[in-house]
Amino acid sequence: MQRRSKKKNGVLVLLLLAGGIYYINYSDLLAAGPTESPKPVGETKPETTRQAVDSWLEQKDLLPLDVSYQVLAGAPLARKFLCIGLSSVKRTRGSYLMPTLQSLFSQLSSEERSSMVVVVLLADFDANWRRTVVQDINTAFPSELEHGKLVVIHVPEQWYPPIKDLKRNYNDSPQRVTFRSKQNLDYSSLMYYSAGLGQYYLQLEDDVSSAKNFLTTIKRHIQEQEKKATPWVMLEFSALGFIGKLYRSEDLPLLARFLFLFYQEMPCDWLMSHFRLLLTQKEPILFKPSLFQHMGTFSSFQGTFNKLKDKDFQEEFYSNPPAEVFSDIPPYQKNHAKLAWTAGEGFFWGRSPDKGNYLTVVFQKPTLVTGILIETGSGGKDMLDSAVVDLGCDVVFIERLQKSCREFQSIGSLQNGRFEMQEIDKKVGSVSSCLRIQVTAGQTDWVIIRKIRIMTKASTLPHQAQL
């Protein structure tokens, strides 16, 4: 606790120094501020000032962030496990906000949806566009709005510092500097508003699709990360930009001020990396497969073509059943066999396998397997050249307290380092207790098994039926 306090005090000193310089330059702007509440025509709800968040920054009124919000639709009813924030502006080509929201809600169970709230900041200053979008959201998501699962807000233009005629870092064009500087301010306001709405905060963009049951996966990764001694500030569920970045809500007031103070210096994804380092998380913590995919074809910046995709995204996110994994292939360092089975960015990396070597997965409970996917190698190297895939039953102990199955049935072999088969239950016809990959010819190359994924379904067959 004392270490965390010293860490925050150090960050506060840096922010106070930067804030002093900032306030010298913009003291007249901050002192003046708008004298009355803006009243744009056609907004659906009156302006609402955000309530103070219970944080160490706000308790002492340090670095006040002066901003006011218009709530255009919905209202948060209770603090949730997760608050998802996304900002949207008018695009010259294409619009992806509605498909993004549809994907977020449709990919979750009702129980998962009850654990989250989505906050949408309509950050464009075009009142007609905002009015049209709010009408569309009211039509498409009436239940989510009514039950506090979706909130739509806006920050009027007069609450923004200057966004034009800024210094051109990195030789960016004036238009690009204005765009990325305003984007930083949009995110700052969005995070500041969202800080009290959830235990955790997830940043997305307005042109993404979501993986199935992504909230359950995020919860599991948080629990796993909390058990580790390594401190964390940001967990990443996508490798792209500012998509899928997760923070503790208690850090949002500080992050919101950080983005505000340095809004004209660099893009938001660069700033967030500096913020992570300041709070002593040295390396990124990126989980794979990614839970969110960029779907937009045209950028929100001048409608330019953007084909950016996350190669590690899987819409149908796997959830292998609980199991133990055993192998007699010597692992390289800490790249153990179980990493091929569990969700995450890890993989099994073994030294040159000999004929007869194996990797065996022993299920915690007998399982009716319907599909199997095995992928080996990386970049065309370290593939498993010759191996068969077996399913087995009747768990037994073998040497060195390892487990295996008494009987196995071969269901196929790897081709070009890969194996994929569906409708296995029609071929096997019973539950299985083991999945085995057995090497049929030795190789000098090392081997990487990147993933082992199985599909299952409920069964009323006897647990130890013979194959």
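- Residues passing the salt bridge (Lys or Arg N to Asp or Glu O under 4.0 Å) test with Glu226, sequence neighbours excluded: Arg248.
- Without hydrogens or angle criteria, Tyr69 side chain to Leu121 main chain gives no donor-acceptor distance under 3.5 Å.
- With sequence neighbours excluded, no residue forms a ring-ring contact (aromatic ring centres under 6.0 Å, His included) with Phe326.
- Between Tyr332 and Trp446, the ring-plane angle classifies as tilted under the 30° and 60° cut-offs.
- The shortest side-chain heavy-atom distance between Val431 and Leu368 falls under the 4.5 Å cut-off.
- Under a 3.5 Å cut-off, the side chain of Gln443 and the backbone N or O of Met383 do form a donor-acceptor pair.
- Relative ring orientation between Phe81 and Tyr200 is described as tilted, the plane-to-plane angle lying within the 30° to 60° band.
- The structure places CG of Leu122 at 8.0 Å from OG of Ser87, a figure rounded to the nearest 0.5 Å.
- Proximity of Ile452 to Leu359: side-chain heavy atoms (C-beta onward) are separated by under 4.5 Å at one or more points.
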Would you tabulate the side-chain donor-acceptor contacts of residues 373-380 under 3.5 Å, counting partners in other chains and residues two or more places apart, or write 'none'?
unit_1: Glu375; atom_1: OE1; unit_2: Arg450; atom_2: NH1; d: 3.4
unit_1: Glu375; atom_1: OE1; unit_2: Arg450; atom_2: NH2; d: 3.1
unit_1: Thr376; atom_1: OG1; unit_2: Leu384; atom_2: N; d: 3.1
unit_1: Thr376; atom_1: OG1; unit_2: Gly417; atom_2: O; d: 2.7

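- Put simply, the side chain of Thr370 never gets that close to the backbone of Asp425: no donor and acceptor are under 3.5 Å apart.
- Tyr187 pairs in a ring-ring contact (aromatic ring centres under 6.0 Å, His included) with only one of the listed residues (Tyr193, Phe242, Tyr192, Phe260), which is Phe242.
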(request) Go through Phe237 and Phe214 one step at a time and tell me if the ring pair (Phe, Tyr, Trp, His ring centres under 6.0 Å) criterion holds. (result) CA-CA 9 Å; Phe237 295 95; Phe214 66 86; 9.4 Å; no

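- Interatomic distance, CD1 of Ile243 versus CG of Leu291, reported as 12.0 Å (0.5 Å rounding).
- In this structure, Lys149 forms no cation-pi arrangement with Phe105, as its terminal cationic atom is not both closer than 6.0 Å to the ring centre and no more than 45° off the ring axis.
- Scanning for disulfide (SG to SG under 2.5 Å) contacts around Cys434 gives Cys405, with sequence neighbours left out.
- Side-chain atoms of Gln409 never come within 3.5 Å of backbone atoms of Val428 as a donor-acceptor pair (strictly under, hydrogens ignored).
- Heavy-atom neighbours of Arg406 CZ from other residues, nucleotides or ligands within 6.0 Å: at or below the threshold of 12.
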(request) Take Gln415 and Ser413 through the test side chain to side chain donor-acceptor pair (under 3.5 Å) and record every step on the way to the result. (result) CA-CA 6 Å; Gln415 302 294 329; Ser413 59; 3.3 Å; yes

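- Sorted by first then second residue, the salt bridge (charged side-chain N to carboxylate O under 4.0 Å, His left out) pairs that include residues 237-246, not counting sequence neighbours, are Glu236-Lys245.
- The line from CG of Leu101 to CG of Leu150 is 6.0 Å long, rounded to the nearest 0.5 Å.
- Between Leu246 atom CG and Leu235 atom CG the span is 5.5 Å, to the nearest 0.5 Å.
- Ser88 pairs in a side chain to side chain donor-acceptor pair (under 3.5 Å) with only one of the listed residues (Asp124, Asp206, Asp207), which is Asp206.
- Taking the six-membered ring where the residue is Trp, Phe258 and Phe275 present tilted rings, their angle falling between 30° and 60°.
- The backbone N or O of Pro322 sits nowhere less than 3.5 Å from a side-chain atom of Gln364 that would complete a donor-acceptor pair.
- The salt bridge (charged side-chain N to carboxylate O under 4.0 Å, His left out) pairs that include a residue from residues 186-203 are Lys182-Asp186, where partners are two or more places apart or lie in different chains.
- Distance check, rounded to the nearest 0.5 Å: CG of Leu277 to CD of Glu283 gives 8.5 Å.
- The shortest side-chain heavy-atom distance between Leu108 and Met116 falls under the 4.5 Å cut-off.
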